[in-house]
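These notes concern the structure reproduced below.
Each chain gets a letter, A, B and so on, in the order its sequence line appears, and its residues count up from 1.
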Amino acid sequence: MPELPEVEVVRRGLERGVVGRTIASVTVLHPRAVRRQPDGAAAFEGLLAGQTVTAARRRGKYLWLALSGVPEPVPVVPAEPAGGPLAAPSAPAGAAEGDALLGHLGMSGQLLVVPPSAPDQAHLRIRFTFTDGGRELRFVDQRTFGHMLLDEGGAALPSPVAHIGRDPLDPLFDEDAFLAGLAARRTGLKRALLDQTLASGIGNIYADEALWAARLHFARPTETLRRGDARRLLAEARGVLSAALLAGGTSFDRLYVSTEGVSGLFERELAAYGRAGLPCRRCGSPIRRDAFMNRSSFTCPTCQPRPRSGRW
DNA sequence: TAAAATACCTGCAGGC
DNA sequence: TGCCTGCAGGTATTTT
């Protein structure tokens with residue numbers, strides 16, 4: 001399931017594979033893949049042909065290709081930490097106004113850069129060819145929760161993404177604003193973590209992992225959280241996301257792969273998610289699975305005691 | 001206005 | 001073998 005580390009791996013692949021190339025043609029093979037395009041598939045195809053990709057950018061789980069006419073942003077990448085590279089920062093405000101090819105991978109979306117001779121994937125939704133005749137870009141999505149659209153003038157920050165907060169690995173992430181926002185919520189801790197307006201990029205897997213690492217229960221009411229606990233949770237979230245990024249992301253059933261079709265290796269390092277009944281790596285208690293928001297939540301009943309008045 | 005619930009989807013596993 | 005059900009889950013929309 002693509003969350004921040006997986007999407008960042010894909011973004012880097014796009015940077016290597018399509019930046020600097022000009023789109024020759026676009027073929028939409030499934031209308032649902034462009035369901036958010038204002039004028040439908042024909043407009044999507046027509047607006048993209050002839051545009052040159054100038055950058056690959058990301059905010060949270062959204063990623064986009066900046067298109068022709070947009071100069072490269074001034075790099076704002078800090079010195080690489082000992083633990084590995086940080087995610088690229090979100091695009092700076094004020095860049096020139098080219099278009100953006102925006103995409104969200106949903107649950108099962110893949111953006112593959114493959115030779116034109118490669119056989120079509122079973123769930124190929126959109127095909128992009130380039131004027132150099134080289135490798136194609138293909139949007140493949142089994143469950144069709146993902147989508148793409150062309151946002152005119154959105155190269156710096158597409159409008160559908162404007163409400164999404166920065167992610168915890170973004171150098172411009174505002175930690176104090178996050179802590180204040182968390183304290184102001186009246187909901188459960190995991191619901192707040194999954195709210196992409198507060199901090200983006202965290203999904204079900206890494207929310208569970210961060211909560212396990214911080215020894216906090218997912219139903220803990222946000223207003224009862226001490227500032228030190230909140231800081232610890234944020235630090236653990238950053239640690240989990242960074243480690244997953246180094247491992248190339250987490251893969252289940254090959255639903256997430258890089259642009260080269262390679263699966264991530266972080267699954268073997270998961271401490272809570274998907275480990276119901278298995279011993280906690282810290283205390284040995286069997287990991288517990290609870291239904292939560294029409295999905296699952298995994299906790300250690302000893303390390304993450306359930307609050308008396310939790311918010312599910 | 002904020003929080004919670006629901007709809008959207010397809011492939012797979014497990015039970016019968 | 002085939003059918004049915006539950007599950008996976010991010011986001012937008014609807015409801016409370």
Any donor-acceptor pair under 3.5 Å from [X] side chain to [Y] backbone:
{"X": "A/R289", "Y": "A/T299", "value": "no"}
{"X": "A/N204", "Y": "A/S296", "value": "yes"}
{"X": "A/R57", "Y": "A/A155", "value": "yes"}

Quick one: do A/R295 and A/D208 make a salt bridge, cutoff under 4.0 Å?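 So A/R295 does not pair with A/D208 through a salt bridge.
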Between A/R220 and A/D229 (salt bridge meaning N to carboxylate O under 4.0 Å), is one present in this structure?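 Judged by the 4.0 Å cut-off on N to carboxylate O distance, A/R220 and A/D229 do form a salt bridge.
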Please give the angle, rounded to 10 degrees, between the axes at the start and the end of the helix from B/dA2-C/dT16 to B/dC16-C/dG2, where five pairs define each axis.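 That helix gives 50° between its end axes.
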Return a single string for nucleotides 10-16 of chain C, one symbol per nucleotide in 5' to 3' order, where B is base contact, S is sugar-phosphate-only contact and - is none, cutoff 4.0 angstrom on heavy atoms. BBS----
Which heavy atom of A/D99 sits nearest to which heavy atom of A/G153, and what is that distance?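 Closest approach of A/D99 to A/G153: OD1-N, 2.8 Å.
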For A/T27, all residues meeting side chain to side chain donor-acceptor pair (under 3.5 Å), sequence neighbours excluded: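 Checked A/T27 against side chain to side chain donor-acceptor pair (under 3.5 Å); zero matches.
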A/R275 charged N/C atom sitting above A/W212 aromatic ring, 6.0 Å / 45°: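 No, cation not above the ring by the 6.0 Å, 45° rule.
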So which protein nitrogen or oxygen atoms get under 3.5 Å of nucleotides 1-3 of chain B's nitrogens or oxygens?
| residue | atom | partner | partner atom | Å |
| --- | --- | --- | --- | --- |
| B/dA3 | OP1 | A/R186 | N | 2.9 |

Whole-Å gap separating [atom2] ([N]) and [atom1] ([X]):
{"X": "A/R125", "N": "B/dC8", "atom1": "CZ", "atom2": "P", "answer": "17 Å"}
{"X": "A/F292", "N": "B/dA5", "atom1": "CZ", "atom2": "P", "answer": "10 Å"}
{"X": "A/Q142", "N": "B/dA13", "atom1": "CD", "atom2": "C1'", "answer": "13 Å"}

Less than 4.5 Å apart, side chain to side chain, heavy atoms only: is that true for A/L14 and A/V10?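 With C-beta onward as the side chain, the pair touches.
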Looking across every strand, which nucleic acid part, if any, lies under 4.0 Å from A/S296 by heavy atom: base, sugar-phosphate, or nothing?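 A/S296: backbone/sugar contact only, no base atoms under 4.0 Å.
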Counting the atoms with a prime plus P, OP1 and OP2 as sugar-phosphate, which does A/N294 contact under 4.0 Å by heavy atoms, base, sugar-phosphate, or nothing?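 Base contact.
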Which pairs, with at least one residue in residues 104-120 of chain A and sequence neighbours excluded, count as a salt bridge (Lys or Arg N to Asp or Glu O under 4.0 Å)?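 Matches after skipping sequence neighbours: A/D120-A/R127, A/D120-A/R138.
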What donor-acceptor contacts under 3.5 angstrom involve side-chain atoms of residues 31-39 of chain A, with partners at least two apart or in another chain?
| residue | atom | partner | partner atom | Å |
| --- | --- | --- | --- | --- |
| A/R32 | NE | A/T144 | O | 2.9 |
| A/R32 | NE | A/T144 | OG1 | 3.0 |
| A/R32 | NH2 | A/T144 | O | 2.9 |
| A/R35 | NH1 | A/R32 | O | 2.7 |
| A/R35 | NH1 | A/G146 | O | 3.0 |
| A/R35 | NH2 | A/F145 | O | 2.9 |
| A/Q37 | OE1 | A/L150 | N | 2.7 |

